[in-house]
Protein chains: 2
Amino acid sequence: MSEEIQQEICPLTVTQNAIAGRWKIVILWHLSQNEMIRFNELLKMLPGISKGILTRQLRELEVDELVHREVYKVVPPKVEYSLTELGQKFIPVLEAMQVWGKDLLNKKIEMYEKLED
Amino acid sequence: MSEEIQQEICPLTVTQNAIAGRWKIVILWHLSQNEMIRFNELLKMLPGISKGILTRQLRELEVDELVHREVYKVVPPKVEYSLTELGQKFIPVLEAMQVWGKDLLNKKIEMYEKLED
DNA sequence: CAGAATCCGAGGGGATACTG
DNA sequence: CAGTATCCCCTCGGATTCTG
């Protein structure tokens, strides 16, 4: 019981839960770079993902109110995804992650170069 | 094939892979607050985790070089965990996450308060 | 175009018992 | 004290097929 409380009141844990999912971080990043993106565009931006999975990840992000889904009632269907206000507040996290990721990649590159000696 | 390349050269994806795991973020946070922590101390700090899982998460963090494991050859055994240099560079991410998580929690609290009217 | 529905398999979390 | 070794379970990712 007290475990569940901790799940809900720890800021890091709620963050963790919100971004748990193989593609969510990259999805959020694309949305932070593009303002609005249609479903199939997003699909092309994510090589390797399948439609079903993309839909699920987007729905979860929508439930957590990081992403807004705008449906245009036209034929053929048109749906655009964008960051909510909460989603935009998440951008600093993405930026910090990117800084760290680049650091890590540079480190790996250095290691490969040393191996060539 | 090209998917795998993207997996390895995208900074966000490498970050994502490094912290994928139910407890890693919280573990990193505790290590950022304590400099060095023994195994059983960490266990107590994480209500709900089991020994086996804690070990696995720590091993993965060790492989990814975020966490250092110092074994003292004494009886009974004593092992201390700490952040590596790479792990310390991750702290800004944790901080950004915490800011965002607090924001989200405040938002939820507001919603509950409105429900009471 | 943007999904919904279904099925599958891998693997990651968790519990328990044992050990140097 | 700090693990290892199993076993189970269930979720999550992924592939495929169908639809308004």
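Reminder, nothing fancy here: chain letters follow the sequence lines and each chain counts from 1.
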Inset, instruction - Take atom CD1 of A:I53 and atom P of C:dG3, then tell me their distance rounded to the nearest Å. - result: 14 Å

Inset, instruction - Please check the phosphate of C:dG3 (OP1 and OP2 only) for any side-chain N or O of A:Y81 closer than 4.0 Å. - result: yes

Inset, instruction - Work out which heavy atom in A:M97 is nearest to a heavy atom in B:T15; give both atom names and the distance. - result: O-OG1, 3.0 Å

Inset, instruction - Rounded to the nearest angstrom, tell me the gap between atom CD1 in A:I49 and atom P in C:dA2. - result: 15 Å

Inset, instruction - Give a yes or no on whether the backbone of A:G21 and the side-chain of B:Q16 come within a donor-acceptor separation of less than 3.5 Å. - result: yes

Legend entry - Any donor-acceptor N/O pair, A:E60 side chain to A:A18 backbone, under 3.5 Å: no

Inset, instruction - Tell whether A:R56 reaches the base of D:dG13 with its side chain through a donor-acceptor pair below 3.5 angstrom. - result: yes

Inset, instruction - Determine: side-chain N/O of B:R69 to OP1/OP2 of D:dG3, distance under 4.0 Å, yes or no. - result: yes

Legend entry - 5′-ward residue of the pair A:E80/B:Q57 relative to DNA chain C: A:E80

Inset, instruction - Take the protein atom CG of A:N17 and the nucleotide atom P of D:dC12, then report the distance between them rounded to whole Å. - result: 10 Å

Inset, instruction - Can you tell me the distance, in whole Å, between the CE atom of B:M36 and the P atom of D:dA2? - result: 13 Å

Inset, instruction - Determine: side-chain N/O of B:W23 to OP1/OP2 of C:dG14, distance under 4.0 Å, yes or no. - result: yes

Inset, instruction - Would you kindly give the CG-to-P distance between B:L46 and C:dG14, to the nearest whole Å? - result: 11 Å

Inset, instruction - Write down the distance between CD1 (B:I37) and P (D:dG3), rounded to a whole number of angstrom. - result: 13 Å

Inset, instruction - Starting from the 5' end of DNA chain D, give me the residue, B:G52 or B:K44, whose nearest nucleotide shows up first. - result: B:K44

Inset, instruction - Starting at CG of B:L105, measure out to CD1 of A:I9 and round the result to the nearest 0.5 Å. - result: 8.5 Å

Inset, instruction - Examine C:dC1: is either OP1 or OP2 under 4.0 Å from a nitrogen or oxygen in the side chain of A:R38? Give yes or no. - result: no

Inset, instruction - Report yes or no: does A:W100 contribute a side-chain atom to a donor-acceptor pair with the main-chain N or O of B:L86 at less than 3.5 Å? - result: yes

Legend entry - Nearest-nucleotide 5' precedence on DNA chain D, B:V79 against A:P76: B:V79

Legend entry - B:R22 side chain, from C-beta outward: closest of C:dG13, D:dT4, D:dA2: C:dG13

Inset, instruction - Would you confirm whether A:K108, through its side chain, and A:L104, through its main-chain N or O, come within 3.5 Å as a donor-acceptor pair? - result: no

Legend entry - Enclosure of A:Y112 OH (heavy-atom neighbours >12, cutoff 6.0 Å): no

Inset, instruction - Map every base of DNA chain D to its dot-bracket character, where paired means a Watson-Crick or G-U wobble contact with both distances under 3.5 Å and | marks a partner outside the strand. - result: ||||||||||||||||||||

Legend entry - Touch class at under 4.0 angstrom, heavy-atom based, for B:P77 against every strand present: base

Legend entry - Which nucleotide in C:dC1, C:dG3, D:dA15 has an atom nearest any side-chain atom of A:R59: C:dG3

Inset, instruction - Would you mind reading off the distance between B:L42 atom CG and D:dA2 atom C1', rounded to a whole angstrom? - result: 12 Å

Legend entry - Rounded interatomic separation in angstrom, taking CG from A:N40 and C1' from C:dG3: 10 Å

Legend entry - Distance-only donor-acceptor test, B:K51 side-chain atoms vs D:dA2 base atoms, 3.5 Å: yes

Inset, instruction - May I ask you to check whether over 12 heavy atoms, not counting those of A:Q88, lie within 6.0 Å of atom CD? - result: yes

